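The block underneath contains the structure these notes are about, expressed in structure tokens.
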Amino acid sequence: LNSHSKKMSEEVLALKGTTKNRNFLIQLNTDLQIDYYSNEKSSGLSVSDKKARKINVVYALKQDAEKKQGPLIERFKKEKIEYKSFFVVNMIQVKTSYSKIAELAEDPTIKKIYLDNKIQVIQPEPVQSEPTQPKSEIMADTTLWNIRNVGADAAWSMGYKGEGVVIGIIDSGADWSHSAIKNQFRAYDPSNPSSPNYEELKYSWTDLVNNQNLPYDDNGHGTHCLGTMVGAIPGGSIIGVAPKATWIAAKALDSSGFAY
């Protein structure tokens, strides 16, 4: 293999001779030292300035991506190649042919090229019957079996229920209106329960599938997992191991559990 071919993954190389357009991921070279921006000493920000240091990191990543990806993006625009930019990992997703990808591999700013596969992350599960335990008993039992099994109740007895912790989930989404997780949503506004705090919402939810503004879940898996994490039914059982924690979510899986 020549140096250009070595940049392409085995899955990409296997497409040689094909003409169909496919999704590829182009990873760019970078010399960004991200620790410099997050470190207390080098950033000049104290531990108490945690939020400021995070902003520094995001800014540095965006600036680096804009600088490194800029020439390629201009090329894609001119050649009418579909693309999507990602700043955290400094990658660009493109939809094009193998021949064009092989041509792009000659660019010295490109580190690696991968085939962007669509995979099923959530496998279909058989429909389960309703629990044999009456709902009235479930609601009355404030310490459910799942909590006891993992010892969460022991942590609770020491005063640890997740206060001050933000839990992030990347899944099929989250039904923010579900009573067991609604109050724990970081963007929840108790003064207006039917609508989230839109300033917090910008940092609490992103939809990478359908670009919807409000959290939703068209599969159910993400909501189920959040219930296990932070679920608490108002006036009833605590079903999550950290009921005092708050949550944020990113929808990366479609309604069938597939994602790129």
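Quantities reported herein were computed from a predicted structural model and do not represent experimental measurements.
In this structure the side chain of S85 reaches within 4.5 angstrom of the side chain of I73, judged on heavy atoms. Two residues are said to be in side-chain contact when any heavy atoms from C-beta on lie closer than 4.5 Å; M229 and I169 meet this criterion. Taking 4.5 Å as the limit, some side-chain heavy atom of E199 sits within range of a side-chain heavy atom of N197. You'll find the side chain of L13 reaches within 4.5 Å of the side chain of S5, heavy atoms only. For the pair V209 and L253, the minimum side-chain heavy-atom distance is 4.5 Å or more. With a 4.5 Å cut-off on side-chain heavy atoms, D171 and K251 do not count as touching. Using a 4.5 Å cut-off on side-chain heavy atoms (C-beta onward), V94 and E82 make no contact. Side chains of Y114 and M91 form a contact here, defined as non-hydrogen atoms less than 4.5 Å apart.
A donor atom on one side chain and an acceptor atom on the other are not found under 3.5 Å apart for Q184 and T246. Looking only at atom types and distance, the side chain of Y216 has a donor-acceptor partner in the side chain of D207 under 3.5 Å away. Side chains of R186 and S204: a donor on one and an acceptor on the other come within 3.5 Å. Side-chain contact annotation: S172 with D217, donor-acceptor N/O pair under 3.5 Å present. A donor-acceptor contact under 3.5 angstrom links the side chains of D64 and T30, judged on distance only. Counting only N and O atoms by type, the side chains of Q69 and N90 include a donor and acceptor under 3.5 Å apart.
Atoms OG and NZ, on S97 and K20 in that order, are 13.0 Å from each other to the nearest 0.5 Å. Distance CH2/W205 to CH2/W247: 7.5 Å, rounded to 0.5 Å. One finds the CG atom of L144 at 4.5 Å from the OG atom of S237 (value rounded to the nearest 0.5 Å). The CD1 atom of I248 lies 10.5 Å from the OG1 atom of T206; values are rounded to the nearest 0.5 Å. For the atom pair I113 CD1 and S9 OG, the distance stands at 8.5 Å (nearest 0.5 Å). The distance from the CD atom of E103 to the CD atom of E79 is 6.5 Å, given to the nearest 0.5 Å.
The shortest non-hydrogen separation linking L201 to P215 is CD1-CD, 4.1 Å. Nearest approach of V241 to W156, heavy atoms of both residues: O-NE1, 3.0 Å. Looking at every heavy atom in both residues, P243 comes nearest to G231 through CB-O, 4.4 Å. The minimum heavy-atom distance between A259 and A252, with the atom names listed, is CB-O, 3.2 Å. Minimum interatomic distance between S255 and N219 (heavy atoms only, all atoms of both residues): O-ND2, 2.9 Å. Of all heavy-atom pairs spanning V12 and L115, the tightest one is CG2-N, 3.4 Å.
With salt bridges taken as basic N to acidic carboxylate O contacts below 4.0 Å, none links E106 and K7. In this structure, K161 does not pair ionically with D153, as no charged nitrogen and carboxylate oxygen lie closer than 4.0 Å. Salt bridge annotation for K68-D31: present, with a cationic side-chain nitrogen under 4.0 angstrom from a carboxylate oxygen.
Hydrophobic cluster membership differs between V166 and I181, with clusters built from Ile, Leu, Val, Met, Phe, Trp and Tyr side chains linked at under 4.5 angstrom. The hydrophobic clustering, which links ILVMFWY residues whose side-chain heavy atoms are closer than 4.5 Å, places L208 and V121 apart. Linking Ile, Leu, Val, Met, Phe, Trp and Tyr whenever their side-chain heavy atoms come within less than 4.5 Å puts L61 and V58 in one cluster. In the hydrophobic clustering of ILVMFWY residues, with side-chain heavy atoms under 4.5 Å counting as a link, F258 and I122 come out apart. By the rule that hydrophobic residues join a cluster once side-chain heavy atoms approach within less than 4.5 Å of another member, L214 and F185 end up as members of one cluster.
Residues that satisfy the side-chain contact (heavy atoms from CB on, under 4.5 Å) test with N192, not counting sequence neighbours, are D189, S194, S195.
Side-chain atoms of D116 never come within 3.5 Å of backbone atoms of F24 as a donor-acceptor pair (strictly under, hydrogens ignored). A side-chain donor-acceptor contact under 3.5 Å links T228 to the backbone of H224. When atom types are taken as modelled, the side chain of Q27 and the backbone of V89 share no donor-acceptor pair closer than 3.5 angstrom. Between the side chain of N117 and the backbone N or O of I119, no donor-acceptor pair lies under 3.5 Å.
Other residues, nucleotides and ligands contribute over 12 non-hydrogen atoms within 6.0 Å of the NZ atom of K182. Within a 6.0 Å radius of CD1 in I170, other residues, nucleotides and ligands contribute 12 heavy atoms or fewer. At most 12 non-hydrogen atoms from other residues, nucleotides or ligands lie less than 6.0 angstrom from NZ of K244. Counting non-hydrogen atoms of neighbouring residues, nucleotides and ligands closer than 6.0 angstrom, the CG atom of N213 reaches no more than 12 such neighbours.
The aromatic rings of Y83 and F76 lie tilted to each other, with the angle between the two planes from 30° to 60°.
The residue from I110, L72, L25 that alone fulfils the side chain to side chain contact (heavy atoms under 4.5 Å, CB included) condition with I92 is L72.
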